[in-house]
Amino acid sequence: MSIRRKPSKYGVSSSHADEDALPTANQTSFFQKGREFESRYVNHHYTEEEKEKLATFESVDYLPPHSAVYKNWLKQQPSRLDWDRWVMMGMIGFSVGFIGFLMHQLIDVISEVKWDKASEFIKDREFGLAWIWVIGYSVLFVIASSVPVVYYRPSAGGSGIPELIGFLNGTVVRHIFNLKTMVVKFFSCVCAVGAGLPIGPEGPMIHLGSLVGAGLSQFKSQTLKFKLPFFERFRNTEDRRNFISAGAAAGVASAFGAPVGGLLFSMEEVSSFWNMKLSWQTFFACMVSTFTTDLFNSAFEGFKYQGDFGLFKAEKNILFQISHGIGLNILAFIPTVILGIMGGLLGAVFTFLNLKIARFRRSWIAKINSKQWKNIAKVSEPVLIMIITGTASVFLPAAFPCTPFHCSFTSKGYSRKCLTDTQHPLHTERDVRNYTCPAGMPVTINGTQFTNSSYNEVATLLFLTGEKAIHHLFSRDTAYELGYASLCSVLVIYFLLACWSAGSAISSGLVVPMLFIGGTYGRIIGRAMVDLFGFHSTGYWAWMDPGAFALIGAASFFGGVSRLTMSLTVIMMEITNDIQFLLPIMVAIMVAKWVGDFATHPLYHALLELKCIPFLDSEPVILHEGSKAINLELFRAGEAMSSPAIVVHKVESVSRLTHLLLDTPHGGYPVVTKTDADYEVFSGLISRNEIMVLLSREDIFSSRNNLSLHEEELDVNRLDYYQMHQGYHRDAEGLNAQLERYAGEPRFQEMFIDLSPYVNHSAPTVQETFSLHRTYIIFRTLGLRHLTVVDQKNRVRGIITRKDLMGFQMEERIHKCLHNPHQAQEMQSPSSSSGHRPSVEA
């Protein structure tokens, strides 16, 4: 007998399983209108091909199934003390902190070697050699970054944040928490950022933190084939997901030196399920992570300078050090609101271009027939970006004249701009880049060091990593260090290259580009205000500092792209140490969010939609006829369910269970029992994976007479809790061959399995008349995979899954209810409207 339908669990094993392999009909999606400029308050609508890919993802319950096997496993675990959880959080924080230290040090070493040598060539005006050196050196590292991602671990590409958000929301995205992914992610990020691509390491650090949380907490590895007998009680879905959330927060803490911001980032953006105890423990992990990174940074510096061990230098994390505070004026909120509007608009444009390029990249690669040439094309893209970036970095500064140092000393005396205030004179930073500009000797007068040399403004922003360039943008009392022409030129080039780089076949993040772009236009606004009203280091107009507005601009663009609020505000405070500008930053972020929400979805959520990863937002927005918001309290759970639901009994024949797996792709089945009134009522739920594991063990098959149906007689030791969760790793072909044999041999019709020990008796249900809005809240808050719908007599009427509650799906169902009220009860699966079954959780 041939398999009529292979379980869709094995159809696509990862969101990265071949993202460019959508059907050719979707290759025109780049030119479709309304696919990117979608308001936050409008549900994303998928093409038919995208819906098919959406249906291939499976979900997982937040809480483990409450079965007899699980309860028996709990009895064998030590008492639920909290000390081991704190120990694990500390271990995760230390590991993530060390990884963050190692990543940043390696990036700095690679970058410094490149630009130091290039500066020597340019100083001698050997532009050809400088270009060959920069391109050759950078391309070598870019190829080393891209090849492992393309050929070895596609799941390591990008920042990994959308996949992480999808997983913590309840969708299984395979391979994103694999040891191979971690190694490739780290290596690719170091090489790509060090090479000089317009990307940052913060996004990959968040993914790496979650990888550490996923792997370290389980004390086992499928890749290395070992399982240590420690912390076994953490090997369940709830604890594993909590440690992944803590690891992601520790990644933010290490990358930014922002432990509170890391906690809030994980709570606001990454995690869908949270509790107060998890907050304390995650805060501890973030604290340990930041401490570890700072400690190893001080030790690394101690090799160069004696006595630096244990000295936590502010410049490692703080993007500018505040030597004196400046008074904030109510007038500062006028340019702050302008920056917020710019951040929302430019953030929406950034998201739009990023998605357009991603769709074009997918459709273009899908046209290539040979897999070998597809891979070559994927590797060639970041190489081309690097060639353009390197060429611009070497030759663009030549188009700009040399700028004399402000606060310079010449034969005519001091520069007038230095005499604004003798205590806080305007100056130019000492680490600006000379490029081909003549360098003079420093002169010290009255304890203040001056120089009569010059520098190149564009080289100052391009001849170093993005993080160090942000230092220049955020610097205080340097109002005249960077001019309009250089800032505008760098803004346009960096904006376009950052849009292009994100999503290419490398491990890359967008945080540094977002801060850089926002800081650039923020400094332009600040410089304009200084030119209009003059610079005042004290008094009524002291708030007009371009560095301060660069900070506000960076926060506005970050908020306009990501739509973060609380965590972004705290991160900006922690990385800048300027509490005086807390309120303007909050205003800019909120304005940017409001403006951006009217234009596009947040970038990470838009990427979830692009990758077709099912996601349930915190609050559904359902519109009727495109404009009128619908109150879901007016609709019932029965109007969103898929029915009829296929049910199983506590004792089922091997033959029927086999045919269920072969003929249906469902991820779970309600379990029913007969009552004295001779009708079947809901008793629990059993997942497809658990049935697969049971069918793989012929030793538990039995004749009907030999089964024990009393709970006190259940043999819960024949298959333990761990064995019941190994189905994800079984060989698909081997299982299919086994199912074929069961379906073809008549003797298995007389063999039965007692499902009682494996049924989740705590599976929640709702009645058909239950509020649809409250159904959504229950489903998302509890992190469910299936929600059974019953009638007043507890008989199964249908089932609700994640994909049934997605915005576009509920809109289709409600639209049918409003236009065909008499057919509302007859609605079956989503196949009636979309040609597939989004309710499938395979």
Side-chain angles (χ1 to χ4, degrees), residues 14-17 19 96 99-111 138-167 173-215 247-248 251-252 254-255 270 354 357-358 361 375 378-386 389 465-467 497-514 603-604 607 610-611:
S14 170
S15 66
H16 297 276
E19 292 184 0
V96 175
I99 290 173
F101 150 77
L102 197 61
M103 175 178 286
H104 282 87
Q105 294 296 345
L106 290 174
I107 289 172
D108 288 344
V109 168
I110 294 172
S111 178
S138 300
V139 167
L140 181 65
F141 278 98
V142 168
I143 292 175
S145 170
S146 182
V147 167
V149 172
V150 172
Y151 288 93
Y152 189 59
R153 216 55 172 172
S155 56
S159 67
I161 295 179
E163 290 83 358
L164 173 62
I165 293 173
F167 180 86
V173 186
R174 296 188 62 200
H175 299 310
I176 64 169
F177 297 123
N178 186 278
L179 181 61
K180 296 176 184 177
T181 302
M182 180 177 179
V183 174
V184 173
K185 190 95 180 178
F186 179 87
F187 179 78
S188 177
C189 181
V190 167
C191 292
V193 178
L197 283 171
I199 56 175
E202 284 76 11
M205 265 305 302
I206 296 171
H207 188 192
L208 287 170
S210 65
L211 274 159
V212 172
V252 177
S254 175
V270 176
N354 190 281
I357 292 172
R361 178 189 294 120
N375 292 335
K378 292 178 182 179
V379 174
S380 301
E381 184 186 8
V383 170
L384 178 60
I385 298 172
M386 189 66 252
T389 304
T465 61
E467 288 184 350
L497 289 174
C499 279
W500 188 6
S501 301
S504 58
I506 52 173
S507 175
S508 60
L510 282 173
V511 175
V512 166
M514 286 190 285
L603 177 64
Y604 296 134
L607 290 174
L610 176 72
K611 296 170 185 287

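Predicted model, so just to flag it, every value in this text is computed and none were measured.
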Using 0.5 Å steps for rounding, measure from the [atom1] atom of [X] to the [atom2] atom of [Y].
{"X": "E467", "Y": "S111", "atom1": "CD", "atom2": "OG", "value": "10.0 Å"}
{"X": "E202", "Y": "M103", "atom1": "CD", "atom2": "CE", "value": "9.5 Å"}
{"X": "E163", "Y": "T181", "atom1": "CD", "atom2": "OG1", "value": "10.5 Å"}
{"X": "Y604", "Y": "L510", "atom1": "OH", "atom2": "CG", "value": "6.0 Å"}
{"X": "I143", "Y": "S380", "atom1": "CD1", "atom2": "OG", "value": "8.5 Å"}

With the side chain counted from C-beta on, respond yes when V270 and F167 share a heavy-atom pair under 4.5 Å apart, and no when they do not.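 No, too far: nothing below the 4.5 Å cut-off.
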
Is N178 close to S155 at the side-chain level, that is, under 4.5 Å between some pair of heavy atoms?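 A side-chain contact under 4.5 Å is absent here.
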
Check whether any side-chain N or O of [X] sits under 3.5 Å from a backbone N or O of [Y] as a donor-acceptor pair, and report yes or no.
{"X": "R361", "Y": "K378", "value": "no"}
{"X": "S504", "Y": "S501", "value": "yes"}
{"X": "H207", "Y": "I176", "value": "yes"}
{"X": "K185", "Y": "G158", "value": "yes"}

Run through [options] and flag the one making a side-chain contact (heavy atoms from CB on, under 4.5 Å) with [X].
{"X": "L497", "options": "L197, T389, I199", "value": "T389"}
{"X": "V379", "options": "V150, V149, I506", "value": "V150"}
{"X": "V96", "options": "I206, V212, L211, L208", "value": "V212"}

Report, as yes or no, whether the 6.0 Å neighbourhood of atom OH on Y151 holds more than 12 heavy atoms from other residues, nucleotides or ligands.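 Yes.
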
